[in-house]
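Being a predicted model, the structure only gives us computed values, none of them experimental. Nothing fancy with the numbering, it's 1 onward along the sequence.
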Amino acid sequence: MPTPRSIASLSLGFGLVSIPVRLYTATESSAAIHFNLLSKEGTRVKQQYVSALNPKKVIPRAEMVKGYEFDTDRFVIFQPDELKALEDGASHLIDIVAFIPADAVDPIYYDKPYFLAPDKRGGKPYNLLKKAMLTSGRCALAKWAWKSKQYVVQVRAQEDGLVLQQLLYAQEVRSIQDLGIEKLEPSAAELKLALQLIDQISQDSYDPTMFEDEEQKRILAAIDAKIAGQEIVATEHPEDGESSGQVIDLTQMLMASLDRKGGGAHKPRTMPAKGTQVVTPIRKPIAKAKRAPKAAAKAAAPVPRTRMKK
C-alpha cells in the first residue's frame, strides 16, 4: 500500500492535557473490482441529471446547488460558502469523556476506523496515554465533531499506537430481538459434539494474513479468460439449489463433521471446488488483464464459479 497521508490535524483531550495528533485512514478499499456501464456497442455512457419538472432539460453540474427538504417539495437552499461554514464550525478536539474496559464496546457498534499518530511536541503525552490505557486494560470514549456531524468514538491502545474507532449511535443499530428467533435447547449429546468440533478447529489468535480474497481472484481470472477470447459459462452448484426439506439428524451431522476434519487444524480453502466448468474459446486470444495474478493468465485454466455480478 502507498504511504498514508494525514487527513486532519486534531487535539486529543486527556483531562487538562491536550495531545496534538494527526488523523490517518486505517483501511484501503481500492482493491475492489469495478465494472463500467457501457452501451451494447461497447462504448462508455455518461450520467446526466435532468429536471424533475422537465425531464428533457439537462441540468449541468455547475448549475446545481444543495438544499434540505423541510416539507414536501419545499427546500431551503445552501450556497457553497454556507456549506463550507458548516464544516468549518466543527471542533478539532477529540474530547475524552470516560474510560471503560477495553472489551466493553460490542463490535456491532463499530463504524470506520482511523489511526492517530502524535503531531509535533505530542510524542511524550501520546505515549503516556497509550501506556496508561494498556496498563489499565481500558479504552477511552470521546466526542468528536467533524464535517458537520458529531461522532461518539472509541480510542483504544495497541503496542504500535492509538486507534480511533467511530461508533454508531444506539438508534443506528437494529435489535436482533426484533427477529423473534426461536429458542430451542440442544441435547447434552449435541452440545458435547459441538464443543468437540469447536475445539478441533480452534486457534489461539487471529492472523489476517492467512486469508485472501478468493472471490477477487476468481473474477480476475474470469476477466483474463474474456480478454483471451473465452466464453464464461455458469456452473450449477448443489449448495445454490433449494432445500429438499429432508429432516437432518443433527447428531449424525456433527459426528460426520468431526470425522471429516480428522483432528487436523482448520485451514481456509484455497483450491477450486470440484466440478468447476472449463471455459470454451470463442475467438483468437489477445492480451491478458494487467491486474490479474500471473497464475490466472493461462487461457486453458479452469475458472471456478463464474457467476458474474453487476
inquiry  = Between Tyr126 (side chain only) and Leu162 (backbone N and O only), is there a donor and an acceptor less than 3.5 Å apart?
reply    =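 Yes, the answer is positive, given that a donor and an acceptor are paired below the 3.5 Å cut-off.
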task = Look only at the side chain of Glu190 and the backbone of Ser187, and say whether a donor-acceptor pair between them is shorter than 3.5 Å.
result =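 At least one qualifying donor-acceptor pair exists.
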Just so I know, are the side chains of [X] and [Y] near enough to count as touching, which here means a heavy-atom distance under 4.5 Å?
X	Y	value
Ile219	Phe35	yes
Lys149	Gln166	no
Leu23	Ile94	no
Gln150	Tyr169	yes
Ile19	Leu128	no
Tyr110	Leu167	yes
Leu193	Leu197	no
Val155	Met133	yes

ask   = Run the salt bridge (Lys or Arg N to Asp or Glu O under 4.0 Å) check on Arg22 and Asp119 step by step: do they pass?
value = CA-CA 6 Å; Arg22 299 191 72 84; Asp119 208 345; 3.4 Å; yes
cation_pi(Lys112, Tyr114) dist<6.0 Å, angle<=45 =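 Yes, Lys112 lies over the aromatic ring of Tyr114.
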Taking everything shown except [X] itself, do over 12 heavy atoms lie less than 6.0 Å from its [atom1]?
X	atom1	result
Gln171	CD	yes
Asp160	CG	no
Phe70	CZ	yes
Ile181	CD1	yes
Asp204	CG	no
Gln177	CD	no
Ile176	CD1	no

key: Pair Glu41-Ser39, side-chain donor/acceptor within less than 3.5 Å   =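 Yes, side-chain donor-acceptor contact under 3.5 Å.
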Value rounded to 0.5 Å, distance of [atom1] in [X] from [atom2] in [Y]:
X	Y	atom1	atom2	result
Phe99	Phe14	CZ	CZ	4.5 Å
Asp95	Leu12	CG	CG	9.0 Å
Glu159	Lys130	CD	NZ	6.5 Å

task = Determine the interplanar angle of the Tyr151 and Trp144 rings, folded into 0 to 90°, and report it as parallel if under 30°, tilted if 30 to 60°, perpendicular if over 60°.
result =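 Tyr151 and Trp144: tilted rings.
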